[in-house]
Asker: 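Can you read through this structure? Questions will come right after.
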Amino acid sequence: MGRYVVRRLVGTLPVFLFVALFTFCLLRLTPGDPAALLAGDQATTAEVEAMRLKLGLDRPVVEQLVGWAGQLASGDLGRSVFSNMPVTRLIGQRAEATAMLALVAIVMSLVFALPMGVIAAVRAGGAIDRLAMAVAVLGFSAPVFVVGFFLVYVFSLSLGWFPTQGYTPLSAGLWPCLRSLFLPGLTLALLYTSLIARVTRASLLEVLSEDYIRTANAKGVRPRVIVIAHALRNAAVPIVTVVGVGMAALLGGVVVTETVFNIPGLGRLTTDAILRRDYPVVQGLILLFSTIYVFINLLVDLSYGLIDPRVRY
Amino acid sequence: MAMIEAKAIESTTIEDKAAGAARSRGRAGAFRRFLGRNPVILTGVCLLVVFMLIAAVSPYLLPDPTRLDPSQRLRPPSLQNWFGTDHLGRSVLSRTLNGTSISLAAGTLVMVLTTLFGVFLGLVSGFFRKLDGILMRFMDGIMAIPGILLAIALMSLFGSSLQNVVVAIAIVEVPRMVRVVRACVLVLRDQPYVEASITLGTRMPRLLVREILPNIAAPVLVQATYVFAAAMVVESVLSFLGAGTPPTIPSWGNMLAEGRQYLQRAPWIAAFPGVFLAVLILTVNVLGDALRDALDPKLSRRRR
Amino acid sequence: MKPRQGWRLATAAAIVGLWALPAAAETTLKVRPFGDLKTIDPITTSDYMVRNHGYMVYDVLFAQNAKGEIVPEMLASYDRSQDGLTWTFVLRDGLKFSDGAPVTATDVVASLKRWGERDGLGQQLMANTGSLEAVDPKTVKLTLKNPWGLVLEALGKPSSNVPFIMPERIAKTPANENIKDPVGSGPFVMKLDEWAPGSKVVYVKSPTYTPRGEAPDGLAGGKTVKVDRVEWQIIPDAQTALNALQAGEIDIFEEVPPDMIPLVKGNADVGIAKLAALQGVMRFNQAQPPFNNAKLRQAILALVDQDPALRAYVDDPSLYTNCPSFYMCDSPYFTKAGWPKPDVEKAKQLVKESGYDGTPIVLLDATETALHPASLVVAQAMRDIGLKVDYQAMDWGTLSSRRTSKNPVGQGGWSIFLSGPAAPDMSEPVGHMALRSNCEKAWFGWPCDEEIEKLRAAFTTAPDLAARKAIAEKIQLRAVETVPYVPVGQFFLVRGVRKNVDGLLAAGVPVYWNVSKGQ
């Protein structure tokens, strides 16, 4: 297993290389440069040029790339063109909010989705199944910002149960933090609930038709025990996969949620940085995201061995 | 690497899907019977046709959806303006119905582009093992960047236009299609009849047309419907974030984004395109699910 | 631990607790500013958010009161010699930077010199300056080479770039490099460690600041801070910010979009207050066809009807002004002289005379700005008279770099963009951003007209207000011919304020001294 992990990690290197190169080129080709933005609305052409010179944007692209690669190798992600803060510090300021939001959303999704999927599978074809799947597809189809606004209108503006926006850090206490994340978490969870519920149903249906389940049935094992002890465990591989893949997709989903609920997380940092052409920040963030993606995939793969004894590396 | 394939959700059922499609192909006349047996698919197809009709007809019957009239802004729905007017005095009815063609066009174009490139790259990757490594690293790289962020970055590179939205979303969606196709091809390659025809010296084009393409059609079709739905969602999200189709184009995403600032004061601006978008996406998703179930022999076996 | 020691500790804890009690009840004013703070250097950029930050942490020699007069702020007194060439400024007592160091004349000299390298008016002042030096720790002497009438206007400049006074060690930073330390002698201190760009900027009441004795008046007078902490919470989405204001999570919402004002008014806990006036500016690129043709620019001036352009953004008539002048309507230099009435037929006639050949007009529209609706309205109006408009939507980031290009429209160039500079930048000929016609050195669009430049130079040496007004009018009469830009009207920015907030000052810049927050 150790050898497998090492092999996988080495295998990801080209992915990182590709992501880094791709982002770098993408950004340099993008029209609009940070110099003009930084210089301000009233700047003259000469001032913009001076700013470009200062930021090193006048140097050839290859030279800029080499400079950046050198920095990266020494673990330095550079500094924001705008605030002049180290990118690592900016990421540090924002990471907690996004991590907590993703965690809350995943937990909520699982709490809703697993029972929904199981019941739908056990009663396949029945009214509950149809209803659950209709809700799941609906959750897929409703635009996130409409759902978000609706939740805020009902639970914050009308009932006053939750704050309308913002994030309370963990340091201010677990409860206030969770309270500030309840509505955004729910908004995000709706999307993933649909995804997970559908996969749970599908893979459980498949397992339930296997011979050993029929055997257990014939032996008179209680249906609840069959589903939970045997079927769910065997259906777990696709479910864990979709949770993992969903976790990576969640990083994209937070962008809209963070905007709607004004959560100072990584998603908003990225959109802001892209719109401002803050190259070092975008590069650092995309590298971070792809690292997370690769590691979640690795964890998912490793978890198969724990869930399903048949899997060998 | 093998693990990544094994875990792709699709791959567990893909073999069956492919086989199911193989059985059901070659019976063109059976299409109507197929629809008759699947009322959900029939309803879905009918709804899609209705949307297409709206898209085709509305430009000729309704006033210009981009015509501004600042003296008529924020009028609630009435007999004159069935869907009300927006913050620039434009007709929401006209914009919503005209938006149908934009969403359909965005969805269709992304679907076509994704399918073409996805199938091509998937076949290359499945058959030419030397290219496979490089190609799949490339795809992994694209997939490692969150889709929305990649699309935003691409949009700020390309500039705002409908074509660019289509290309940006297609770039985000292609890797998933490649994976589906590649997984299918890897399974098919090891099938005795494919191995047999390779041994017999069947030329590649012939092999593709006769054996491979028909067998991957079903999973590709199902994946394509999801791409179609996803494209429409992403279009609206991009517009919401201010990186989508130019605001002069009455796409539903733009209308939702503009209407969002008026949800309390003039809810009709966002409500009508919102409902239309949700219904269309729902239709396509349900259609995709129903197709998958209908083409999946395991499920049909259970039903019969 | 011995029992007696325990007692002592408990008592100590109780005392500390009592002492800490008022601190727990500290008041925090939560403000949603209109943008984000990008950098902390108000000299290297003219960005309004950075300017507003400057007013929090720095003090100024002169400030503009509510009547628009320039009065001493950091100064105890100042003196102007008979010939107007020698100025002496004496600092008032008790001025200290937030790091505890006293403000001295050398700090003032260094700050003014750095500002004079960047600011337009500052550059003119420096060009006319013979010497600027510290006579003693409290006295600064300015000697001019030639008579120049705008010394007070320059030093009391209310908007970007404001001559803020910084410690000499910071003001020695080269003028093309950003400063990194926000130490100033203003009413607030920035908490650099709590600054999270894109999310939050925090200021606390400065312990070293002593306000003037007078009542606050515009940007002048006593800057008494009445809260312990001001937090700028960056909330980009207006609907989210409105929700937060309605729920009391923020106290002030700067720049409420006009269409949300009825909702704000409908909430009993929230009121609105006018903030600053802006002028909508429709700017031509004169370096390239088609707008290198003055006739075509005149056509657009005749075409643009300010009413629909403004009404597309705001329907409350008290919040916009149809203002037929290059100067703001409440400026002393406002004049209607020579202004054409909106006339579509005349516009068509002028287009014909211009010999317009169908070159596409590339209109850059930053869709997230307040001028976006006006952009759409003018685009439609231009199309209606047969001009070929290539409308290009983008974000402000793209626009602000696209507009630097002097290339033809086919090669990434542009013809028109819209922007909304604030009143102080659009009120008089010298500081006027868009009338300046000094070719390459002018604002994007690069209008070039010797006559306007001569008049602007004459304005600086005019003896009195009447003479200046006459020159301002001449400039307008010339500018309706050269049309460096077309004003699309004037509108007010409005802030939403919770009812428990009191003491907001009516100034062109949002400032947060004198503001108190009740329960």
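Per chain, numbering begins at 1; letters A, B, ... match sequence-line order. Source: prediction; values computed, not measured.
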Asker: Could you check if a side-chain atom of C:Val281 sits within less than 4.5 angstrom of a side-chain atom of C:Met426, using non-hydrogen atoms only?
Answerer: yes
Asker: If the plane angle is over 60° it's perpendicular, under 30° parallel, otherwise tilted; pick one for C:Trp414 and C:Trp446.
Answerer: tilted
Asker: Could you look at C:Leu245 and say if it's the side chain, the backbone, both or neither that has a heavy atom under 4.5 Å from chain A?
Answerer: neither
Asker: With heavy-atom distances below 4.5 Å as the criterion, would you say the side chains of C:Val270 and C:Phe253 are in contact?
Answerer: no
Asker: When heavy-atom pairs shorter than 4.5 Å are enumerated against chain A, which of C:Glu249, C:Lys406, C:Gln246 gives the highest number?
Answerer: C:Glu249
Asker: Against chain A, label C:Asn243 side chain, backbone, both or neither, depending on which of its atoms sit under 4.5 Å from a heavy atom there.
Answerer: both
Asker: Using non-hydrogen atoms and a 4.5 Å limit, figure out which bit of A:Gln93 sits close to chain C: side chain, backbone, both or neither.
Answerer: side chain
Asker: Do we see a donor-acceptor contact under 3.5 Å between the side chains of A:Tyr167 and A:Glu96?
Answerer: yes
Asker: Taking atom types as modelled, is there a side-chain donor on A:Asn262 or A:Arg268 under 3.5 Å from an acceptor on the other?
Answerer: yes
Asker: Output the option from A:Thr259, A:Ile263, A:Leu269, A:Val260 having the highest count of non-hydrogen pairs under 4.5 Å with chain C.
Answerer: A:Val260
Asker: Work out which heavy atom in C:Pro42 is nearest to a heavy atom in C:Phe164; give both atom names and the distance.
Answerer: CG-CD1, 3.6 Å
Asker: In terms of heavy-atom pairs under 4.5 Å, which option from C:Ile40, C:Asp41, C:Leu37, C:Ile234 contacts chain A the most?
Answerer: C:Ile234
Asker: Using non-hydrogen atoms only, which part of C:Lys200 is less than 4.5 Å away from chain A: side chain, backbone, both, or neither?
Answerer: neither
Asker: Would you mind checking which part of A:Phe261 comes under 4.5 Å of any heavy atom in chain C, side chain (CB onward), backbone (N, CA, C, O), both or neither?
Answerer: backbone
